[in-house]
Protein chains: 2
Amino acid sequence: MTAANVPSQPDPARQGEPTIEDVAAAAGVSIRTVSRVLNKSPKVNAQTRERIEAAIAALRFRPSLRARALAMRRSFLIGLIHNDRNALVLDSIQRGIVSVTAAQGYELIVHSTPPEGAEAIADAVAFASRSRVDGLIVLPPISGVDGLAAALDAVQVPAVAVSSVPLDGFAGVISSDERAAGAQVARHLLGLGHRAIGLINGPADMASARERRAGFLAEIAQAPGVTLAETPGDYTFAAGIAGAQALLAAPAPPTAIFAANDIMAAAVLKVAAARGLAVPAQLSVVGFDGSLLAQMVTPALTSVVRPFGAIAAAATRHLIARIEGGTPPPLFHPELTLAPAESTGPAPR
Amino acid sequence: MTAANVPSQPDPARQGEPTIEDVAAAAGVSIRTVSRVLNKSPKVNAQTRERIEAAIAALRFRPSLRARALAMRRSFLIGLIHNDRNALVLDSIQRGIVSVTAAQGYELIVHSTPPEGAEAIADAVAFASRSRVDGLIVLPPISGVDGLAAALDAVQVPAVAVSSVPLDGFAGVISSDERAAGAQVARHLLGLGHRAIGLINGPADMASARERRAGFLAEIAQAPGVTLAETPGDYTFAAGIAGAQALLAAPAPPTAIFAANDIMAAAVLKVAAARGLAVPAQLSVVGFDGSLLAQMVTPALTSVVRPFGAIAAAATRHLIARIEGGTPPPLFHPELTLAPAESTGPAPR
DNA sequence: TGCATTGTTGACACCGGTATCATTCAGCCT
DNA sequence: AGGCTGAATGATACCGGTGTCAACAATGCA
């Protein structure tokens with residue numbers, strides 16, 4: 001109470017951060033006026049504003065987002081829900097999100113859910129509801145779980161899903177045509193003259209894997225005299241190794257292998273090397289994702305590039321627009337393009 | 001107000017989530033008693049507790065972490081501050097953290113700061129202070145910035161840093177002996193008979209890079225008749241390509257190259273392949289980090305394994321113990337071990 | 001029976017902000 | 001001069017929980 005309107009250094013004896021009240025006292029105004037300054041309300045006298053801003057700077061006051069959240073019923077927190085394990089993909093997405101949230105004054109809170117469907121829903125809802133995030137970005141595979149959209153809707157949290165296919169229930173889904181991309185891969189390999197082709201699938205319960213496969217197979221089916229061998233996989237390196245070994249151990253092994261993601265494609269390269277097969281001279285390999293890994297392996301993988309950063313940024317912008325009541329920008333449906341690199345070439349002989 | 005003590009479905013007309021008050025009304029008790037149940041206070045009659053729990057379940061009530069945060073002056077939020085770009089490393093660390101926070105009832109909020117020192121500090125402090133996290137985990141390279149510890153200390157946020165070297169100012173630093181690890185790499189290569197050795201450094205302003213180099217060089221210096229060539233690098237793939245080209249273009253190129261991280265080592269593999277050098281027959285390559293990448297490239301990289309998951313988990317446990325006033329477990333200083341794989345072999349001829 | 005003790009519960013202030021509404025004070029018009 | 005208008009500001013009730021402390025009933029003991 002002493003020196004009420006003399007901006008001063010923070011009282012060293014005081015525990016914790018300065019509050020709006022300290023600022024008000026230091027500037028000799030009411031907390032409401034300080035609040036106006038914080039919220040850039042125009043109805044504050046210029047001199048008063050200056051005095052308050054000086055006090056804020058002197059006290060190093062930073063408003064508590066938490067108190068503000070309680071009062072405004074807005075947390076300025078965006079939640080990211082995922083239950084995948086692909087490090088590179090998750091990282092690209094996270095960076096894409098942060099590039100937008102940081103610019104718009106939000107923070108990102110990352111939550112990973114258990115893998116199983118029902119549990120995952122319960123966990124996601126509990127998270128959304130307890131942490132009172134303003135909005136949610138949901139990644140595959142959990143974005144594809146039946147009932148998730150409805151469950152999130154029930155707790156009134158705006159959510160944007162990223163998915164390979166349009167999803168029922170979600171108002172905002174950023175999807176891409178992975179089926180067309182699968183077809184692109186097939187055309188690329190057929191165009192190079194390959195007639196014995198192998199496919200290492202992703203997990204059958206993921207829409208992305210099913211779509212890639214469907215597009216790929218449909219295109220292959222159109223080409224006469226092409227033999228196709230496929231093996232199951234689950235997007236892991238180990239599955240890629242097993243799949244490649246199975247395909248290449250056949251009596252008439254394929255001259256080209258499409259692996260449903262880059263990680264498994266990298267595994268194919270490893271198996272090929274172990275068997276003394278030159279890539280691409282004797283075996284062509286295609287991956288999917290266009291992740292950093294595709295460029296780091298030798299030879300660099302021909303892969304379908306998915307613009308994760310742009311996808312994530314678009315999802316975030318859409319979400320924030322919804323949160324803030326503006327008209328959300330139209331949903332983004334990125335084109336997936338095949339980027340030919342060193343791992344594919346003309347079919348041998 | 002109707003049917004005050006009959007647990008019922010949430011009123012569909014009501015906006016937002018049910019509050020503790022709704023639960024209290026439904027159970028016919030005061031909010032304070034509901035709060036006791038929520039906090040598992042033992043001083044609640046068993047029957048009352050049951051009644052309240054039933055009401056909670058019926059209303060699908062979930063307490064707002066935000067309101068709780070305000071009241072308890074605890075946010076149950078752990079902040080992760082980073083400004084690095086190594087996707088694989090960040091991901092492993094993040095997963096390690098989440099494995100602990102999830103179990104202890106905390107959530108993770110991820111913040112990335114600008115790269116530059118002073119700005120980074122300001123940004124980190126603003127984040128810590130505004131978001132009122134309970135604690136902070138800080139990763140390199142920003143963890144090594146001078147003055148950061150003091151700045152965080154000033155806003156009274158407990159922080160744990162991960163670093164290659166002990167850091168002044170930080171009460172909690174999880175460090176590892178990267179110098180010894182660098183020496184280990186040198187011994188490995190010398191033991192294989194290599195006498196012409198190349199080194200691709202990490203960024204000179206990062207302690208990790210300096211330490212690795214120092215340990216490596218010291219050990220090399222002890223061995224008679226060994227020639228060493230080094231080039232600068234910055235942990236990126238492009239730098240690895242450039243470095244490898246520089247080293248291998250020399251009149252008497254090295255028979256072994258130590259790259260200061262796996263990403264650059266992967267680049268060395270690519271350059272070797274382009275020049276027709278067999279690895280490890282003609283060139284041995286060693287990386288650092290033991291990341292997934294090391295296992296995915298062909299041949300698999302001999303690398304120094306850094307147990308990121310364990311490091312992150314230990315940091316998190318330490319931090320939470322400090323937050324909760326317990327005695328924090330002793331700081332963890334992981335042993336770094338060289339994991340020989342396919343990319344190193346006896347020196348040619 | 002009287003009284004201290006223990007176990008349960010509720011009233012109320014508080015955390016640090018925002019929102020609603022009232023109040024004050026100039027300046028302007030008639 | 002009196003009344004009106006609008007800009008600037010403050011008093012006070014929230015937001016949804018927890019902490020403190022008092023009230024109260026049931027129990028144990030003398």
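With sequence neighbours excluded, the residues satisfying salt bridge (charged side-chain N to carboxylate O under 4.0 Å, His left out) with A:Arg74 are A:Asp134, A:Glu324. Looking at residues two or more places apart in sequence or on another chain, you find a salt bridge (charged side-chain N to carboxylate O under 4.0 Å, His left out) between B:Asp91 and B:Arg95. For A:Thr113, the side chain to side chain contact (heavy atoms under 4.5 Å, CB included) criterion is met by A:Ile81, A:Asn83, A:His111, A:Ala120, A:Asp123, A:Ala124, A:Ile142, not counting sequence neighbours. For the side chain to side chain contact (heavy atoms under 4.5 Å, CB included) test, residues two or more places apart in sequence or in another chain that qualify with A:Pro158 are A:Leu319, A:Arg322, A:Ile323. Evaluation of the side chain to side chain contact (heavy atoms under 4.5 Å, CB included) rule for A:Glu116 yields A:Ala118, A:Glu119 as partners, not counting sequence neighbours. By the salt bridge (charged side-chain N to carboxylate O under 4.0 Å, His left out) test, B:Arg73 pairs with no residue at all, sequence neighbours left out. Residues satisfying the side chain to side chain contact (heavy atoms under 4.5 Å, CB included) test with B:Asp146, not counting sequence neighbours, are none.
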request  = Go through the steps to decide whether B:Val23 and B:Thr19 satisfy the test side-chain contact (heavy atoms from CB on, under 4.5 Å), and finish with yes or no.
outcome  = CA-CA 7 Å; B:Val23 175; B:Thr19 73; over 6 Å; no

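A:Arg132 comes within contact range of the sugar-phosphate backbone alone, with a heavy-atom separation under 4.0 Å but no base atom that close.
In terms of phosphate contacts, B:Ser30 brings a side-chain nitrogen or oxygen within less than 4.0 Å of OP1 or OP2 of C:dG10.
Under the 4.5 Å side-chain criterion, counting only non-hydrogen atoms from C-beta, A:Ile78 is in contact with A:Ile137.
Within residues 32-40 of chain A, the residues that place at least one heavy atom under 4.0 Å from DNA chain D are, in residue-number order, A:Arg32, A:Thr33, A:Arg36. Shown for residues 67-77 of chain B: residues whose heavy atoms fall under 4.0 angstrom of DNA chain C, namely B:Leu70, B:Ala71, B:Arg73. Residues of residues 41-48 of chain A having a heavy atom closer than 4.0 Å to DNA chain D, listed by number: A:Lys43, A:Val44, A:Asn45, A:Thr48.
Side-chain contact annotation: B:Thr101 with B:Glu107, donor-acceptor N/O pair under 3.5 Å absent.
Two end axes, each from the C1' atoms of five base pairs, can be drawn for the helix from C:dT1-D:dA30 to C:dT30-D:dA1; they diverge by 60°, to 10 degrees.
One distance of note links CG of B:Leu90 with OG of B:Ser112; it measures 9.0 Å at 0.5 Å rounding.
At least one donor-acceptor pair closer than 3.5 Å links the side chain of B:His333 to the backbone N or O of B:Ser175.
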Can you give me every donor-acceptor pair (side chain of residues 32-39 of chain B, partner residue at least two apart or in another chain, under 3.5 Å) with its distance?
unit_1	atom_1	unit_2	atom_2	d
B:Arg32	NH1	B:Ser35	OG	3.3
B:Ser35	OG	B:Asn39	ND2	3.4
B:Asn39	ND2	B:Ser35	O	2.8

